[in-house]
**Q** 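I have a structure here, written as structure tokens, and I will follow up with some questions on it.
All residue numbers in this chain count up from 1 along the given sequence.
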Amino acid sequence: MSCGLCLNDCPTYRVIGDEADSPRGRIHLIRELLAAPGAAKASTVAHLEACLVCRACETACPSLVPFGRIMEGAREEIAQRRAPSGIRGRVRAMLVDVVTHPDLLAALARVAALYDRVGLRAIARRVLPRRLADMQSLLPTPEGAPYRPTPRDDADVQLLAGCVMRATFGDTQRATVSALERGGRSVGSPAGQECCGALHAHSGLGDRARELARRNVDAFGDGDAPIVVTAAGCGAHLRAYGHLLRGDAAYAERARRFASRVRDASEVLAPADARRSLGRPLRVAYQDACHLAHGQGIRRQPRDLLRAIAGVELVTIADPERCCGSAGIYNLTHPDLAAELQRQKVAAILAARPDVVVSANPGCILQMQAGLRAAGSDVPVVHLMRAVGDPAYLSKGASSSKR
Ligand code: SF4
Ligand code: SF4
């Protein structure tokens, strides 16, 4: 099918306006790539790398084309055909693999905290060239201490600690545990778990993505307890483990069962578990993370949880499912396109006049926060589970904003 119904839902096509940067155009390029042996053409690589893998085209497609899987397969094919000594590929692989080192991420988070405390972020924003200033604005400021995964023999849900979530969203992870426990759950988080490997899979690093997936299947074991995830990008990827390891006789079945246990935290919590009062009215804009809405079909549950908090008035932003331009390391590899998508998202948010923005993916939170700051707004952007698990924080964060 080449109906083109996905074109207007594709963020890159809407900005660039070139068929080769649309889902249909990219599928055509992938067909050409597979038909011809040898290294991929530079123009093909550029159009495929410009894809955000946001999967908005999957939502739009009446023929259920699994575009995300097709794109990940194409990127792995391109990486395999590249000269093994290619410096660009090796640098990218090293950059992506940083996320598999929680201690290194935690150290970077501490540096970022110091950077903020001494006022360097604000100075850098004024004096650095625009591209560098944009990059530094994405440095996450850590929330409290890193989250330490704690195994529990009696756990009836298993929390994925994550990489960025563990290092810089420690308070959000702890708020998730509190909210689940208030709902009567016993929460464990197994030792030996790794980064989910989503960034590796998106970057064509298939072997490393499969290695990380096998380790996680081993770490989480073969029980029935739901595997609870607080990062939309990780959740969408964990649900694809069955596909990722389909060719591995020792793991294929275990990976399929693992994937069937994956739940976003918003699916496990009931609105009754979120029922608290803010003590005052608060306008809250919920931004759908691509990999929650398009990747996992989860749209209603986060909104139900927010509505259960007395005082929350949910306000709608235009195009809430349009990618904000974060997309893993996209804002580093394609800064101009990412900045344009960020600008559009910030304009949509500001038009809705929220007191606070809520999302369920760390990359989106950092991207929106940086965009709002650059636009002169201090409207806070809060993780969904921090908002649900710690409503006092939600209220306090919004009070300090001038909007
Ligand atoms: S995944 Fe997103 S950016 Fe890529 S083709 Fe589909 S809609 Fe466009
Ligand atoms: S991906 Fe789906 S919506 Fe897009 S052109 Fe192909 S069949 Fe049509």
Side-chain angles (χ1 to χ4, degrees), residues 55 68 99-100 102 105 146-152 155-181 183 185-202 209 212-213 215-217 219-221 223-244 255-270 273 288-302 305 326 328 358-365 383-389:
R55 298 172 63 180
V99 294
T100 64
L105 283 179
Y147 171 70
R148 299 267 171 230
T150 313
R152 259 179 85 159
D156 58 18
V157 296
Q158 300 277 17
L159 181 68
L160 179 87
C163 47
V164 175
M165 286 305 299
R166 175 193 318 213
T168 60
F169 286 79
D171 286 344
T172 292
Q173 293 295 61
R174 286 181 280 277
T176 307
V177 173
S178 306
L180 288 165
E181 287 179 347
R185 303 291 200 150
S186 307
V187 186
S189 191
Q193 60 179 300
E194 294 272 2
C195 156
C196 69
L199 275 185
H200 300 79
H202 289 181
L212 293 166
R215 289 199 203 158
N216 279 327
V217 170
F220 281 85
D224 297 324
I227 297 165
V228 177
V229 187
T230 51
C234 306
H237 184 64
L238 293 178
R239 288 183 201 257
Y241 271 14
H243 177 75
L244 188 69
R256 257 196 303 279
R257 271 193 280 122
F258 176 102
S260 72
R261 293 163 56 197
V262 175
R263 300 282 181 276
D264 186 72
S266 65
E267 293 180 285
V268 178
L269 277 172
D273 305 328
D288 291 274
C290 295
H291 285 165
L292 204 57
H294 306 304
Q296 302 180 64
I298 297 172
R299 297 171 170 90
R300 177 185 50 78
Q301 297 89 332
L305 289 176
S326 169
V358 171
S359 190
N361 194 52
C364 311
I365 291 170
H383 192 287
L384 172 70
M385 296 315 299
R386 184 87 194 263
V388 169

**Q** When you compare the side chain of C163 with that of L105, does any pair of heavy atoms fall below 4.5 Å?
**A** yes

**Q** So, for V358 and A387, which heavy atoms are closest and what is the spacing to 0.1 Å?
**A** CG2-CB, 4.3 Å

**Q** Any idea which heavy atoms bring C364 and A289 closest together, and the distance?
**A** SG-CB, 3.9 Å

**Q** Provide the closest heavy-atom pair for T172 versus R386 in the form atom of the first, atom of the second, distance.
**A** OG1-CB, 3.5 Å

**Q** Of all heavy-atom pairs between C234 and V229, which one has the smallest distance, and what is that distance?
**A** CB-CG1, 3.9 Å

**Q** What distance separates Q296 CD from R55 CZ, expressed to the nearest 0.5 Å?
**A** 8.0 Å

**Q** To the nearest 0.5 Å, how far apart are CZ in R166 and CD in Q193?
**A** 5.5 Å

**Q** Just so I know, are the side chains of H237 and L244 near enough to count as touching, which here means a heavy-atom distance under 4.5 Å?
**A** yes

**Q** Compute whether any side-chain donor of one residue and acceptor of the other, for Q173 and T230, lie under 3.5 angstrom apart.
**A** yes

**Q** For L269 and M385, run side-chain contact (heavy atoms from CB on, under 4.5 Å): C-alpha distance rounded to whole Å, both residues' side-chain angles, the deciding distance at 0.1 Å, then the answer.
**A** CA-CA 10 Å; L269 277 172; M385 296 315 299; 3.0 Å; yes

**Q** To the nearest 0.5 Å, what is the distance between OG (S266) and CG (L384)?
**A** 6.0 Å

**Q** Does a side chain donor of either N361 or S359 reach within less than 3.5 Å of an acceptor in the other side chain?
**A** no

**Q** Do the rings of Y241 and F258 sit parallel, tilted or perpendicular, given the 30° and 60° boundaries?
**A** parallel

**Q** Apply side-chain contact (heavy atoms from CB on, under 4.5 Å) to residues R148 and S189 and explain how you reach the verdict.
**A** CA-CA 9 Å; R148 299 267 171 230; S189 191; over 6 Å; no

**Q** Check whether any side-chain heavy atom of L160 sits under 4.5 Å from a side-chain heavy atom of V228, and report yes or no.
**A** no

**Q** I'd like to know whether the aromatic ring centres of H291 and H202 sit less than 6.0 Å apart in this structure.
**A** yes

**Q** Could you check whether any side-chain heavy atom of P362 comes within less than 4.5 Å of a side-chain heavy atom of M165, counting everything from C-beta outward?
**A** yes

**Q** Do any N or O atoms from the side chain of S326 and from the backbone of G363 form a donor-acceptor pair under 3.5 angstrom?
**A** yes

**Q** So, taking the atom named CZ in R261 and the one named CG in L238, what distance separates them when rounded to the nearest 0.5 Å?
**A** 11.0 Å

**Q** Donor-acceptor pair, D156 side chain versus R185 backbone, under 3.5 Å?
**A** no

**Q** Before accepting this row, confirm whether a basic side-chain N of the pair R299/E267 lies closer than 4.0 Å to the acidic partner's carboxylate O.
**A** no

**Q** Identify the two heavy atoms, one from A225 and one from Q158, that lie closest to each other, and give their separation to 0.1 Å.
**A** CB-CG, 4.1 Å

**Q** Could you go through the side-chain contact (heavy atoms from CB on, under 4.5 Å) check for V177 and Y147 one step at a time?
**A** CA-CA 11 Å; V177 173; Y147 171 70; 4.1 Å; yes

**Q** If I take atom CD1 from residue I227 and atom CG from residue D264, how far apart are they, to the nearest 0.5 angstrom?
**A** 13.5 Å

**Q** So which heavy atom on H200 is nearest to which on V99, and how close?
**A** CE1-CG2, 4.1 Å

**Q** To the nearest 0.5 Å, what is the distance between CG (D273) and CD (E181)?
**A** 12.0 Å

**Q** side-chain contact (heavy atoms from CB on, under 4.5 Å), that's the test. Do H294 and D288 meet it? Break it down for me.
**A** CA-CA 9 Å; H294 306 304; D288 291 274; over 6 Å; no

